[in-house]
Amino acid sequence: MTFQKTDLAQRDLDSVWHPCTQMHDHPRVPMIAITHGQGIWLYDDHGQHYLDAVSSWWTNLFGHAEPHIASAIKDQLEQLEHVIFAGFTHQPAVELAERLIQITPSGLERVFYADNGSSAVEVGLKMSYHYWRNCGYHDKTRFATLSGSYHGETLGALSVSDVALYRSTYAPLLLTPVIVPSPDAYQRETGESWKAFAHRRLADMRAVFEQQADSLCAVIVEPLVQCAGGMRMYHPSYLHGLRQLCDEFQVHMIADEIAVGFGRTGTLFACEQAHIRPDFMLLSKGLTGGFLPLAAVLTTAEIYAAFYAEYTSHKAFLHSHSYTGNPLACRAALATLDLFRDRPVLERNHELAAHLGRMVAPLVEHPHVAEVRQTGMIAAVELVQDKASRRPFPAVQRRGLDVYLYCLKHGVLQRPLGDIIYFMPPYCITTEEIELMVRTATAGINHATS
Ligand SMILES: *Cc1c(COP(=O)(O)O)cnc(C)c1O
């Protein structure tokens with residue numbers, strides 16, 4: 001199959017500027033015009049179809065054009081598309097807040113809406129800082145984050161991220177967080193368990209808190225999987241220990257579950273595996289099943305109470321976005337929660353994850369694979385030049401891009417993070433489709449490393 005420039009693709013390249021893209025790569029990298037989606041499949045205007053192995057940037061949970069979510073949005077469209085969310089409210093926003101409070105760890109009792117993941121991160125950071133200020137702690141002005149973490153692209157969210165590719169250019173514009181070594185199990189010593197390594201890395205966090213807790217508002221983490229940083233995974237006991245440190249040193253814990261929430265790691269929320277409640281939980285991406293942009297920041301009654309005062313005390317959280325609490329997006333989220341309530345989603349995911357694990361396991365033997373790792377419905381394969389020393393391929397060789405192009409030609413949308421090939425499919429995938437997805441990626445890996 002050869003890629004042709006379609007009318008739409010050409011018009012796109014003449015007028016649109018795409019996210020996370022060096023536009024100069026096109027058209028060596030084809031621009032693909034999608035006309036419709038159905039379940040796990042995306043269809044282009046040339047009659048090709050692609051298995052969406054990355055859930056359209058981790059947003060999709062139950063497949064494209066999922067009928068229950070689609071019909072909820074259609075229904076909502078005829079009632080109320082949007083309304084100012086200050087002084088006004090509506091059924092979908094209220095019901096969604098109530099249901100999110102019910103299903104998240106107990107103790108999270110307030111919901112603040114935003115309209116994308118990065119905005120939710122901004123809200124979490126500002127709320128944490130403002131809470132301490134309202135309580136008279138004026139020295140708490142900084143944040144701690146883990147090496148290799150990713151929390152979004154707006155300046156505040158990028159500030160607490162540690163992916164050089166996205167951050168370094170803008171470093172002069174950013175806040176300077178304390179970057180603490182990640183419990184990422186890839187970095188453990190040979191023979192060391194994930195758990196033992198997590199404990200060692202907790203000691204690093206303790207040392208930072210001992211020195212700097214007085215100036216720290218919060219530590220922000222991606223629970224269990226640092227996704228954009230390369231699907232880096234770690235043991236849940238790290239989160240448990242971090243919660244204890246946060247309590248001991250009076251530092252907030254912000255759990256960014258934007259990518260890992262809603263069943264991705266095997267539990268509804270990743271924090272559940274550590275039996276903890278963060279002070280802030282950030283949700284987006286899968287929140288609407290991948291249909292519409294929406295984010296929610298959940299926090300405790302205690303934090304909420306620190307803002308609740310006479311207007312003239314200047315304690316209010318005056319942050320806002322025009323589309324806060326959009327009714328269409330809230331309806332999509334409610335319909336998504338219905339599917340979790342009415343179907344055995346997590347049970348089915350356990351079976352699918354086990355199958356995915358069996359399919360990717362043989363890649364461990366590949367001469368250019370340093371590690372195969374998995375947490376629930378996320379599996380990742382680390383390509384390297386030298387297996388023994390784990391020396392990566394020179395970045396300029398763009399081996400991951402070769403895998404991307406190979407898989408596209410063979411009908412699978414696989415978008416590696418550098419040389420890390422990962423699988424993060426919608427939950428509607430079948431075992432046969434898992435086999436197709438992994439077989440295609442394996443062939444792509446062979447192609448790109450030969
Ligand atoms: C994607 C992501 C974000 C940013 O969300 P956007 O909606 O893309 O702004 C923040 N945190 C994590 C962990 C993410 O994966």
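Since this is a predicted model, take the numbers as computed values, not measurements. Scope of the values below: all heavy atoms of this structure, side chains included, with no hydrogens, waters or symmetry mates. When a ligand or atom number is given, it counts from 1 through the structure's own listing order.
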Q: May I ask you to check whether Arg232 and Gln226 show a side-chain donor-acceptor distance below 3.5 Å?
A: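 There is no such pair (donor and acceptor under 3.5 Å, judged by atom type) between the side chains of Arg232 and Gln226.
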
Q: Which atoms from ligand 1 have a heavy atom of Asn116 less than 4.0 Å away?
A: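 Contacts of ligand 1 toward Asn116, numbered from 1: 7 (O), 9 (O).
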
Q: In terms of atom number and element, which parts of ligand 1 are under 4.0 angstrom from non-hydrogen atoms of Asp256?
A: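 By the 4.0 Å cutoff, the relevant atoms are 10 (C), 11 (N), 12 (C), 13 (C).
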
Q: What atoms of ligand 1 come within less than 4.0 Å of a heavy atom belonging to Ile258?
A: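 Selected atoms, number and element: 2 (C), 3 (C), 10 (C), 11 (N), 12 (C), 14 (C).
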
Q: Determine whether the side chain, the backbone, both or neither of Lys285 has a heavy atom under 4.0 Å from any heavy atom of ligand 1.
A: side chain

Q: With heavy-atom distances below 4.0 Å as the criterion, list the atoms of ligand 1 near Trp58.
A: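 Reading through ligand 1 atom by atom, the close ones are 15 (O).
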
Q: Quick check on atom 8 (O) of ligand 1 - does any protein heavy atom sit closer than 4.0 Å to it?
A: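 Under the 4.0 Å cut-off, atom 8 (O) of ligand 1 has no protein heavy-atom neighbours at all.
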
Q: Does the pair Glu382/Arg373 count as a salt bridge with the N-to-O cut at 4.0 Å?
A: yes

Q: Which residue, Phe143, Trp132, Tyr137, forms the ring pair (Phe, Tyr, Trp, His ring centres under 6.0 Å) with His252?
A: Trp132

Q: Does the side chain of His18 pick up a donor-acceptor pair with the side chain of Asp12 at under 3.5 Å?
A: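 Yes - a donor-acceptor pair under 3.5 Å links their side chains.
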
Q: Under 3.5 Å, is there a donor on one side chain and an acceptor on the other for Tyr43 and Gln48?
A: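 There is no such pair (donor and acceptor under 3.5 Å, judged by atom type) between the side chains of Tyr43 and Gln48.
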
Q: Compute the minimum heavy-atom distance from Trp57 to ligand 1 and say whether it is under 4.0 Å.
A: no

Q: Distance under 4.0 Å to a non-hydrogen atom of Ala259: what atoms of ligand 1 satisfy this?
A: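 Near Ala259, the atoms of ligand 1 are 15 (O).
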
Q: Quick test of your reading of the model: are Glu122 and Lys126 salt-bridged, counting only N-O distances below 4.0 Å?
A: no

Q: Can you check whether His319 reaches Val123 side chain to side chain, under 4.5 Å on heavy atoms?
A: yes

Q: Select one of side chain, backbone, both or neither to describe which atoms of Ser118 lie under 4.0 Å from any atom of ligand 1, heavy atoms only.
A: both

Q: Counting each atom of ligand 1 from 1 as listed, which ones have a heavy atom of Gly117 under 4.0 Å away?
A: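 Every atom of ligand 1 under 4.0 Å from some heavy atom of Gly117: 4 (C), 5 (O), 6 (P), 7 (O), 9 (O).
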
